[in-house]
Amino acid sequence: MHDSLGDRDFRIVFNSCSVGMAIATMGGSFIDCNAAFTQLSSYTKQELKAMTIFNITSRDDLQGAFDMMSKLI
């Protein structure tokens, strides 16, 4: 049995999930998001691709977001 999801399977799960999810670069630029994320953020997918995660993070939460990104790097 093959345990890993293929790209097609991943896309199906990602796009049909009711939880808002987005994929971003380490610099915070949005690459993709699902429909639930666009509803949650109130931005279209095209609008999000022109933004970074830091544009939609509240000022109060920015330091925590930067700290989290630093840990990932």
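Sequence positions, counted from 1, serve as the residue numbers for this chain.
- Side-chain heavy atoms closer than 4.5 Å link hydrophobic residues (I, L, V, M, F, W, Y) into clusters, and following such links, possibly through other members, connects Y43 to F54.
- A donor-acceptor pair under 3.5 Å is formed between the side chain of T25 and the backbone N or O of S29.
- A continuous path of ILVMFWY side-chain contacts below 4.5 Å connects L48 to I53, so both sit in one hydrophobic cluster.
- When all heavy atoms of K49 and I31 are compared, the closest pair comes out as CE-O, 3.0 Å.
- The shortest non-hydrogen separation linking A36 to S18 is CB-O, 3.5 Å.
- Using a 4.5 Å cut-off between side-chain heavy atoms of Ile, Leu, Val, Met, Phe, Trp and Tyr, with links allowed through other members, I56 and L62 fall into the same hydrophobic cluster.
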Practice prompt. Please assess F30 against F37 for the test ring pair (Phe, Tyr, Trp, His ring centres under 6.0 Å), listing each intermediate value before the final yes or no.
Written response: CA-CA 11 Å; F30 286 103; F37 191 87; 5.8 Å; yes

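- When every heavy atom of T52 is checked against every heavy atom of N55, the shortest pair comes out as N-OD1, 2.7 Å.
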Discussion item. Working note: C33 + I23, criterion side-chain contact (heavy atoms from CB on, under 4.5 Å); need CA distance, chi angles, decisive distance, verdict.
Written reply: CA-CA 6 Å; C33 62; I23 301 170; over 6 Å; no

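- Nearest heavy-atom pair, T38 versus T44, reported as atom, atom and distance to 0.1 Å: CG2-C, 4.2 Å.
- Hydrophobic cluster membership is shared by M51 and M26, with clusters built from Ile, Leu, Val, Met, Phe, Trp and Tyr side chains linked at under 4.5 angstrom.
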Worksheet item: Would R11 and D32 satisfy side-chain contact (heavy atoms from CB on, under 4.5 Å), going step by step from the backbone distance to the final call?
Response: CA-CA 11 Å; R11 287 276 157 212; D32 199 4; 2.5 Å; yes

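- For the atom pair CG (D61) and CD (Q63), the distance works out to 11.0 Å, reported to the nearest 0.5 Å.
- Counting all heavy atoms, side chain and backbone alike, N34 lies closest to G20 at OD1-CA, 3.6 Å.
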